[in-house]
Participant: 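Here it is, the structure, as structure tokens.
Quick note: residue numbers are just sequence positions, from 1.
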Amino acid sequence: TPLGVLRVRILAARNLAGVNWRALEVESFDSDPYCILKLGGRESRTSTVVGTTCPAWPPDEKSAYFLVHHREQQLEISVCGADRSGIFAPRNFVNFLGSVAISVAKVMKLWPSQAVGLGRRKSQVALDTSRVSREMLHVNDPVNRGVSSDIEVEVEWFDLLSTLPSADEQHTITVGGDTPVAVLLIEIRKGKGFPWEGVNEKLGLRWRCHAEPTEPSVLSRRGEVCDLEEAIFPDVALHPRLFAVVDKLWDRGYSEDDIARIVSIESAEVISAYLECRHEFEEQQEAIAAKQ
């Protein structure tokens, strides 16, 4: 059962690496940064701020909402630089600009509280830039000069209630912001009757949902195949390593006696029993495939 919902909004960042180089302007470098937020199994991406190493995201930037199942879950924020494609556009030689990971418990305990809401907190956090490719950055880049890259983040905690608030309470909660009044938790556990071709595709079977037509949809991870009826090969007095050898010899027209002699089996009856079992096994497989 979830403990609550954590709202996260990226406000700004400072002293990010400048990853966009211009062919004839070696002293000019900037970035087109965006952030990827992860918590649990959900991921959200911010908009991209173009042409700066000190971005400020717009006031109407959408918040990300994450269900929290335990307070030690990690909120992960990665900052990346979008690549501008084109011959004359600045070339992005480095995508990763830094990251930070912190538990929900530490966020709610250590980050300063805001007066506008009991559960609302904000903090400026230093990014880990140790994995940024410094050799591809300008010598005067802030990261190469040892300047800390920081990101400013706002979070807000919501407890889950057993009943919906009244209309007046909803108005009080949502005034001046994009706070939701309820959380709809959807868990699709199993399904059946889907085309087998879709199960075998590279991406497999996934489900997509959205609450509002104008909002981006949420795509699930690939589902695992379960509860399948499987054909069982009957027991036979022949080592499984010889199955493929017998199959090839039989397909080439060898008799059961010849196959028994080649694989050093005393009786051809063993080969006959194996071939009969193989035929029954193949029939089982065909029957199961017809049901799916």
Side-chain angles (χ1 to χ4, degrees), residues 1-16 33-47 57 61-80 95-132 148-165 173-174 177-190 206-209 211 215-224 226:
T1 303
L3 299 177
V5 176
L6 186 70
R7 179 183 69 84
V8 185
R9 188 164 75 92
I10 306 299
L11 303 178
R14 298 173 183 82
N15 302 318
L16 299 178
Y34 63 90
C35 298
I36 297 176
L37 296 78
K38 296 180 181 179
L39 197 155
R42 188 171 186 275
E43 178 177 311
S44 180
R45 172 175 167 163
T46 68
S47 61
W57 276 265
E61 178 77 18
K62 292 289 185 180
S63 299
Y65 292 88
F66 300 98
L67 277 175
V68 178
H69 292 268
H70 60 85
R71 297 185 183 276
E72 293 306 316
Q73 280 188 277
Q74 296 285 309
L75 170 63
E76 301 176 17
I77 303 174
S78 298
V79 186
C80 303
N95 175 262
F96 178 75
L97 305 182
S99 64
V100 63
I102 186 170
S103 69
V104 175
K106 289 184 177 179
V107 166
M108 301 310 298
K109 181 179 180 180
L110 302 178
W111 288 15
S113 178
Q114 304 297 301
V116 291
L118 296 177
R120 185 174 298 185
R121 297 175 182 274
K122 184 170 65 174
S123 182
Q124 185 170 310
V125 186
L127 294 173
D128 178 6
T129 58
S130 60
R131 293 188 292 118
V132 176
S148 175
S149 297
D150 302 321
I151 189 168
E152 188 175 358
V153 187
E154 178 186 80
V155 301
E156 189 168 6
W157 176 262
F158 299 98
D159 288 317
L160 295 181
L161 305 176
S162 57
T163 58
L164 284 174
I173 293 172
T174 58
D178 61 349
T179 305
V181 297
V183 173
L184 179 63
L185 176 61
I186 301 175
E187 293 185 356
I188 299 181
R189 300 183 181 275
K190 287 185 180 181
R206 299 182 290 171
W207 56 270
R208 184 190 300 272
C209 69
E215 295 293 325
S217 59
V218 176
L219 186 65
S220 75
R221 290 175 290 184
R222 174 176 180 163
E224 299 294 334
C226 64

Participant: When rounded to the nearest 0.5 angstrom, what is the spacing between CD1 in Ile36 and CD in Glu76?
Facilitator: 11.0 Å
Participant: Sequence neighbours excluded, which residues qualify as side chain to side chain donor-acceptor pair (under 3.5 Å) partners of Asn15?
Facilitator: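 Here no residue qualifies.
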Participant: Within this structure, what is the CD-CD distance for the pair Glu61 and Glu154, rounded to the nearest 0.5 Å?
Facilitator: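 The distance works out to 12.0 Å.
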Participant: Can you name the salt bridge (Lys or Arg N to Asp or Glu O under 4.0 Å) partners of Lys106, sequence neighbours left out?
Facilitator: none
Participant: Could you work out, with side chain to side chain contact (heavy atoms under 4.5 Å, CB included) as the rule, every residue matching Val107, not counting sequence neighbours?
Facilitator: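 Side chain to side chain contact (heavy atoms under 4.5 Å, CB included) list for Val107, sorted by chain: Ile102, Trp111, Val155.
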Participant: Look at Glu156 together with Arg7 and state whether they make a salt bridge at an N to O cut-off of under 4.0 Å.
Facilitator: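 A salt bridge links Glu156 with Arg7.
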Participant: Could you go through the side chain to side chain contact (heavy atoms under 4.5 Å, CB included) check for Arg131 and Ser99 one step at a time?
Facilitator: CA-CA 9 Å; Arg131 293 188 292 118; Ser99 64; 3.7 Å; yes
Participant: Of all residues at least two apart in sequence or in a different chain, which pass the side chain to side chain donor-acceptor pair (under 3.5 Å) check with Thr46?
Facilitator: Trp57
Participant: With sequence neighbours left out, what residues match Arg208 under side chain to side chain donor-acceptor pair (under 3.5 Å)?
Facilitator: Ser217
Participant: Using 0.5 Å steps for rounding, measure from the OG atom of Ser113 to the CE atom of Met108.
Facilitator: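 That separation rounds to 8.0 Å.
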Participant: Does the side chain to side chain contact (heavy atoms under 4.5 Å, CB included) test come out yes or no for Val104 and Leu3, once each step is laid out?
Facilitator: CA-CA 11 Å; Val104 175; Leu3 299 177; over 6 Å; no
Participant: Which value, rounded to the nearest 0.5 Å, describes the distance between His70 atom NE2 and Ser103 atom OG?
Facilitator: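 Separation between the atoms: 10.0 Å.
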Participant: Does the side chain to side chain contact (heavy atoms under 4.5 Å, CB included) test come out yes or no for Ile10 and Ile151, once each step is laid out?
Facilitator: CA-CA 8 Å; Ile10 306 299; Ile151 189 168; 3.8 Å; yes
Participant: Under the side chain to side chain contact (heavy atoms under 4.5 Å, CB included) rule, collect the residues that match up with Glu152, sequence neighbours excluded.
Facilitator: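 Glu152 satisfies side chain to side chain contact (heavy atoms under 4.5 Å, CB included) with Leu11, Ala12, Arg14, Lys122 only.
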Participant: Working to the nearest 0.5 angstrom, can you tell me the gap between Arg42 CZ and Tyr65 OH?
Facilitator: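 Here the interatomic distance stands at 10.5 Å.
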Participant: Please find the pair of heavy atoms, one from Phe66 and one from Ala64, that lie closest to each other, and give the distance.
Facilitator: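 Where Phe66 meets Ala64 most closely, the heavy atoms are CE1-CB, 3.7 Å.
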Participant: Restricting to non-hydrogen atoms, name the atom on Thr129 and the atom on Leu97 that form the minimum distance, rounded to 0.1 Å.
Facilitator: CG2-O, 3.6 Å
Participant: Could you measure the distance from the CG atom of Leu37 to the CZ atom of Arg45? Nearest 0.5 Å is fine.
Facilitator: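 Atom-to-atom, Leu37:CG and Arg45:CZ are 11.5 Å apart.
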Participant: Taking all heavy atoms of Val100 and all of Ala126, pick out the closest pair and write down the distance.
Facilitator: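 Residues Val100 and Ala126, closest heavy atoms: CG2-O, 4.0 Å.
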